[in-house]
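In this chain, numbering begins with 1 at the start of the sequence shown.
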Amino acid sequence: QVQLVESGGGLVQPGDSLRLSCIASGRTFRNYAVGWFRQAPGKEREFVATINWSGDITYYADSMKGRFTISRDKARNTVYLQMNSLNAKDTAVYYCAAGEAASERTGMYDDWGQGTQVTVSS
C-alpha cells in the first residue's frame, strides 16, 4: 500500500496560482502512475490530470489543459500539480491517487490521499 498526503491548498483569488504536492510513502511509489482528481460540493469526483511512472506521459482534462501542469520528482517521492489562472469553478477538494497505469478513471487507482481544499474566491 502507498500512503499519500496532499498539501498546498488554500484560499486564493481568481487569476492566482497554486502548487499542490502529493508526497508518498510505503511501497515503491516511483513505479506507479499518479492521478489528480477533484470533488466540488454536491458533485462527483472528476479527473484533473495524470502522469505515468516515468514522468514522460501526461494527460489532462480538457478544462485544465494549458492551465494545469502535472510533474513528478522521483527522488522526493512527490508529484506536483501546478495550477494557474484559477477561477471559481476550480474550487474543490483535490485528491491524488496511485495506480498501475495513468488513467482518467478513478477505479484504476488503488490508493488515495485525504485531499486538500482549494477555494477560489474574491
Side-chain angles (χ1 to χ4, degrees):
Q1 186 177 6
V2 177
Q3 289 78 44
L4 304 170
V5 177
E6 303 93 338
S7 64
L11 172 63
V12 296
Q13 294 186 340
D16 284 352
S17 298
L18 275 177
R19 188 178 78 162
L20 305 183
S21 299
C22 172
I23 302 174
S25 60
R27 64 183 182 183
T28 310
F29 179 66
R30 61 175 60 91
N31 293 334
Y32 290 87
V34 174
W36 282 98
F37 294 79
R38 70 185 186 184
Q39 189 165 18
K43 295 187 176 181
E44 293 187 354
R45 193 167 297 189
E46 67 170 342
F47 169 73
V48 174
T50 186
I51 189 167
N52 71 332
W53 69 272
S54 62
D56 60 347
I57 297 175
T58 58
Y59 299 108
Y60 298 89
D62 287 343
S63 62
M64 286 68 162
K65 288 179 182 177
R67 297 192 302 128
F68 291 9
T69 302
I70 189 171
S71 61
R72 71 188 303 163
D73 184 337
K74 288 189 174 183
R76 291 180 168 81
N77 279 349
T78 302
V79 172
Y80 302 100
L81 183 68
Q82 176 68 42
M83 306 186 296
N84 299 327
S85 301
L86 288 164
N87 59 64
K89 293 181 179 180
D90 296 315
T91 295
V93 177
Y94 284 71
Y95 300 89
C96 66
E100 298 267 335
S103 173
E104 300 179 2
R105 296 164 52 192
T106 58
M108 296 296 290
Y109 296 89
D110 300 313
D111 300 299
W112 292 78
Q114 294 300 307
T116 184
Q117 175 71 48
V118 172
T119 303
V120 185
S121 176
S122 56

#### Entry: Between CG on residue Leu4 and OG on residue Ser25, distance to nearest 0.5 Å
7.5 Å
## Note on the structure
Taking every heavy atom of Phe68 against every heavy atom of Leu81, the minimum-distance pair comes out as CB-CD1, 4.2 Å
### Query
Partners of Arg76 by side chain to side chain donor-acceptor pair (under 3.5 Å), sequence neighbours excluded?
Asp73
### Message
Within the 4.5 Å heavy-atom criterion, are Ser121 and Leu11 side-chain neighbours or not?
### Response
yes
### Message
To the closest 0.5 Å, what do you measure between OG1 (Thr78) and CD1 (Ile23)?
### Response
4.5 Å
### Hydrophobic cluster identity match, Trp36 and Val12, side-chain contacts under 4.5 Å
yes
### 4.5 Å side-chain heavy-atom contact, Gln39 and Tyr95
yes
### Side-chain donor or acceptor of Glu6 paired with backbone N/O of Gly115 under 3.5 Å
yes
### Query
How many angstroms lie between SG in Cys96 and CD1 in Ile51, if you round to the nearest 0.5 Å?
12.5 Å
### Query
Would Phe47 and Trp112 show up in the same hydrophobic cluster when neighbours are defined by side-chain heavy atoms closer than 4.5 Å?
yes
### Summary
Exactly one of Asp90, Leu20, Val120, Val48 clears side-chain contact (heavy atoms from CB on, under 4.5 Å) with Met83, and that residue is Leu20
### Task
Give me the ring orientation class for Phe37 and Tyr109: parallel if the planes are under 30° apart, tilted from 30 to 60°, perpendicular past 60°.
perpendicular
### Query
To the nearest 0.5 Å, what is the distance between CD (Gln82) and CZ (Arg19)?
7.0 Å
### Message
Please determine whether side chain to side chain contact (heavy atoms under 4.5 Å, CB included) holds for the pair Gln117 and Thr91, giving the CA-CA distance in whole Å, both sets of side-chain angles, and the decisive distance to 0.1 Å.
### Response
CA-CA 8 Å; Gln117 175 71 48; Thr91 295; 4.1 Å; yes
#### Entry: Nearest non-hydrogen partners of Leu18 and Leu86, listed with the distance
N-CD1, 4.0 Å
### Task
Using modelled atom types only, decide if a donor and an acceptor are shared between the side chain of Ser85 and the backbone of Gly15 within a distance under 3.5 Å.
no
### Query
Mind checking what makes side-chain contact (heavy atoms from CB on, under 4.5 Å) contact with Lys65, not counting sequence neighbours?
Tyr60, Asp62
### Query
In the single-linkage hydrophobic clustering (I, L, V, M, F, W, Y; side-chain heavy atoms under 4.5 Å), do Tyr32 and Tyr80 co-cluster?
no
### Smallest separation among heavy atoms of Ala101 and Ala33, with atom names
C-CB, 3.3 Å
#### Entry: Residues Thr116, Ser7; criterion side chain to side chain contact (heavy atoms under 4.5 Å, CB included); working and verdict
CA-CA 6 Å; Thr116 184; Ser7 64; 5.6 Å; no
### Message
I need the Trp53 CH2 to Arg72 CZ distance, nearest 0.5 Å.
### Response
9.0 Å
### Query
Going from OG on Ser21 to CG on Asn77, what distance comes out if it is rounded to the nearest 0.5 angstrom?
12.5 Å
### Task
For Asn52 and Ile57, indicate whether the former's side chain and the latter's backbone hold a donor-acceptor pair under 3.5 Å.
yes
### Message
Testing the basics here: between Ala40 and Ala92, what is the closest heavy-atom pair and its distance to 0.1 Å?
### Response
N-CB, 3.8 Å
